[in-house]
Amino acid sequence: MRFQSPQLGALGVTYTAMRACQFVSLIAVIGMSANFISQIATAERNPPSELIGTLTVAVTAVIYVIISYILYYDNMLPLLIAAVFDGLLLIASIVVASLIGKPLSSLNCAAIPANLDNQSTTFWSSVVYSVRAISITKTVSYPIFVGADQTTCYEIKAVWGLSIALCVLFAFTCLVCVGLWNRVRREGGSATNSIKSKDIEG
């Protein structure tokens with residue numbers, strides 16, 4: 001059995017490439033966000049809403065990316081509806097990138113002390129006493145968490161960068177879906193007109 005994606009020219013190739021990039025970026029965001037939440041949960045604290053929101057959006061988006069490409073591959077994807085969903089995910093990605101990047105724009109990771117050598121300690125060990133006092137609320141403060149150590153800072157900045165990249169990717173796929181819909185509609189109209197002209201000639 002031979003598998004072949006729809007032959008829709010440069011737009012089809014672009015759609016496939018964008019979906020692949022989205023999938024890779026989302027998996028990376030899910031992995032890093034889940035790791036942060038796991039660290040915080042191990043310390044018996046509640047993760048900040050920024051990380052929970054990022055993980056929620058990323059999981060939802062990766063499910064959509066997989067399902068939409070399967071439907072596209074089988075020529076069953078409603079392209080206009082897909083364009084709307086891509087637009088919604090674009091908005092969600094912009095919100096996530098804004099929330100994550102708010103405390104990071106002025107944060108210099110190189111100036112933060114490196115992580116401790118003792119791997120059995122949690123990131124709380126690298127936070128000063130005044131910060132630990134805030135942990136009484138059980139919910140970790142996101143601005144404090146990103147400045148806990150160098151590793152956390154660089155990783156959360158990577159999540160921020162991927163979120164910005166996803167904004168661009170979802171904007172592209174939204175436009176590509178509209179372009180593909182227009183192309184399919186025109187080709188369908190041309191085929192219909194050709195059949196009608198043959199019937200008239202017959």
K.L.:
State plainly whether one hydrophobic cluster holds both F172 and V24, where clusters connect Ile, Leu, Val, Met, Phe, Trp and Tyr through side-chain heavy atoms under 4.5 angstrom apart.
P.N.:
no
K.L.:
Going by the salt bridge (Lys or Arg N to Asp or Glu O under 4.0 Å) test, which pairs reach into residues 51-70, not counting sequence neighbours?
P.N.:
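Counting only pairs at least two positions apart or across chains, no salt bridge (Lys or Arg N to Asp or Glu O under 4.0 Å) contact touches residues 51-70.
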K.L.:
Please identify each residue that fulfils side chain to side chain contact (heavy atoms under 4.5 Å, CB included) with T56, with sequence neighbours left out.
P.N.:
I52, T60
K.L.:
What pairs meet the salt bridge (Lys or Arg N to Asp or Glu O under 4.0 Å) rule with one or both residues in residues 78-107, with sequence neighbours excluded?
P.N.:
R19-D86
K.L.:
To the nearest 0.5 Å, what is the distance between SG (C21) and CG (L26)?
P.N.:
11.0 Å
K.L.:
When clusters are formed by joining ILVMFWY residues with side-chain heavy atoms under 4.5 Å apart, either directly or through shared neighbours, do V13 and L11 land in the same one?
P.N.:
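Different clusters.
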K.L.:
Might you point out which heavy atoms bring V57 and A92 nearest each other, and give the distance in Å?
P.N.:
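Nearest heavy atoms, V57 then A92: CG1-CB, 4.0 Å.
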K.L.:
After noting the C-alpha distance and the side-chain angles of T16 and Y73, does the key distance pass the side-chain hydrogen bond (donor to acceptor under 3.5 Å, both in side chains) rule?
P.N.:
CA-CA 9 Å; T16 299; Y73 196 91; over 6 Å; no
K.L.:
Can you list every pair that meets ring pair (Phe, Tyr, Trp, His ring centres under 6.0 Å) and has a residue in residues 42-68, with sequence neighbours left out?
P.N.:
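Qualifying pairs, neighbours excluded: Y64-F85.
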K.L.:
Per the salt bridge (Lys or Arg N to Asp or Glu O under 4.0 Å) rule, what does the pair list look like for residues 158-175, sequence neighbours excluded?
P.N.:
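Applying salt bridge (Lys or Arg N to Asp or Glu O under 4.0 Å) to every pair that reaches into residues 158-175, excluding sequence neighbours, yields nothing.
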K.L.:
Suppose we screen for side chain to side chain contact (heavy atoms under 4.5 Å, CB included). Which residues come up paired with V59, at least two apart in sequence or across chains?
P.N.:
I30, L55, I63
K.L.:
Are I91 and I164 linked, directly or through other ILVMFWY residues, by side chains that come within less than 4.5 angstrom of each other?
P.N.:
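Cluster IDs for I91 and I164 differ.
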K.L.:
Can you measure from OG1 (T139) to CG (N46) and round to the nearest 0.5 angstrom?
P.N.:
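Answer for the OG1-CG pair, T139 versus N46, is 4.0 Å.
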K.L.:
Kindly check if the number of other-residue, nucleotide or ligand heavy atoms within 6.0 Å of CD1 (I66) is above 12?
P.N.:
yes
K.L.:
Taking only residues two or more places apart in sequence, or in another chain, which ones meet P48 in a side chain to side chain contact (heavy atoms under 4.5 Å, CB included)?
P.N.:
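Result, side chain to side chain contact (heavy atoms under 4.5 Å, CB included) vs P48: I40, E50, L51, V140, Y142.
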K.L.:
Can you give me the closest heavy-atom contact between L90 and C167, atom names plus distance?
P.N.:
CD1-O, 3.0 Å
K.L.:
Any side-chain heavy-atom pair from F170 and T173 closer than 4.5 angstrom?
P.N.:
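Side chain of F170 against side chain of T173, heavy atoms only: contact under 4.5 Å found.
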K.L.:
Report yes or no: do V159 and V62 belong to one cluster of Ile/Leu/Val/Met/Phe/Trp/Tyr joined by side chain heavy-atom distances under 4.5 Å?
P.N.:
yes
K.L.:
Do Y154 and I156 sit in the same hydrophobic cluster, where Ile, Leu, Val, Met, Phe, Trp and Tyr count as joined when their side-chain heavy atoms come under 4.5 Å apart?
P.N.:
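In one cluster: no.
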K.L.:
With sequence neighbours left out, what residues match N35 under side-chain hydrogen bond (donor to acceptor under 3.5 Å, both in side chains)?
P.N.:
none
K.L.:
Backbone N or O of A97 within a donor-acceptor pair of the W160 side chain at under 3.5 Å?
P.N.:
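Answer holds: yes.
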K.L.:
Taking all heavy atoms of L166 and all of S25, pick out the closest pair and write down the distance.
P.N.:
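Where L166 meets S25 most closely, the heavy atoms are CD2-CB, 3.8 Å.
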K.L.:
What residues, two or more places apart in sequence or in another chain, satisfy ring-ring contact (aromatic ring centres under 6.0 Å, His included) together with Y15?
P.N.:
Y72
K.L.:
Once salt bridge (Lys or Arg N to Asp or Glu O under 4.0 Å) is applied, what residue pairs with a partner in residues 151-173 remain, sequence neighbours excluded?
P.N.:
none
K.L.:
Can you tell me how far the CD1 atom of I37 sits from the CE atom of M32, to the nearest 0.5 Å?
P.N.:
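Separation between the atoms: 13.0 Å.
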K.L.:
Do F36 and F145 come within less than 4.5 Å of each other through their side chains, counting heavy atoms only?
P.N.:
yes
K.L.:
Got a list of side-chain donor-acceptor pairs under 3.5 Å for residues 175-182, not counting sequence neighbours?
P.N.:
| from | atom 1 | to | atom 2 | distance (Å) |
| --- | --- | --- | --- | --- |
| N182 | OD1 | R185 | NH2 | 2.6 |

K.L.:
Would you be so kind as to tabulate the donor-acceptor pairs closer than 3.5 Å made by side chains of residues 107-114, with sequence neighbours excluded?
P.N.:
| from | atom 1 | to | atom 2 | distance (Å) |
| --- | --- | --- | --- | --- |
| N108 | OD1 | A110 | N | 3.3 |

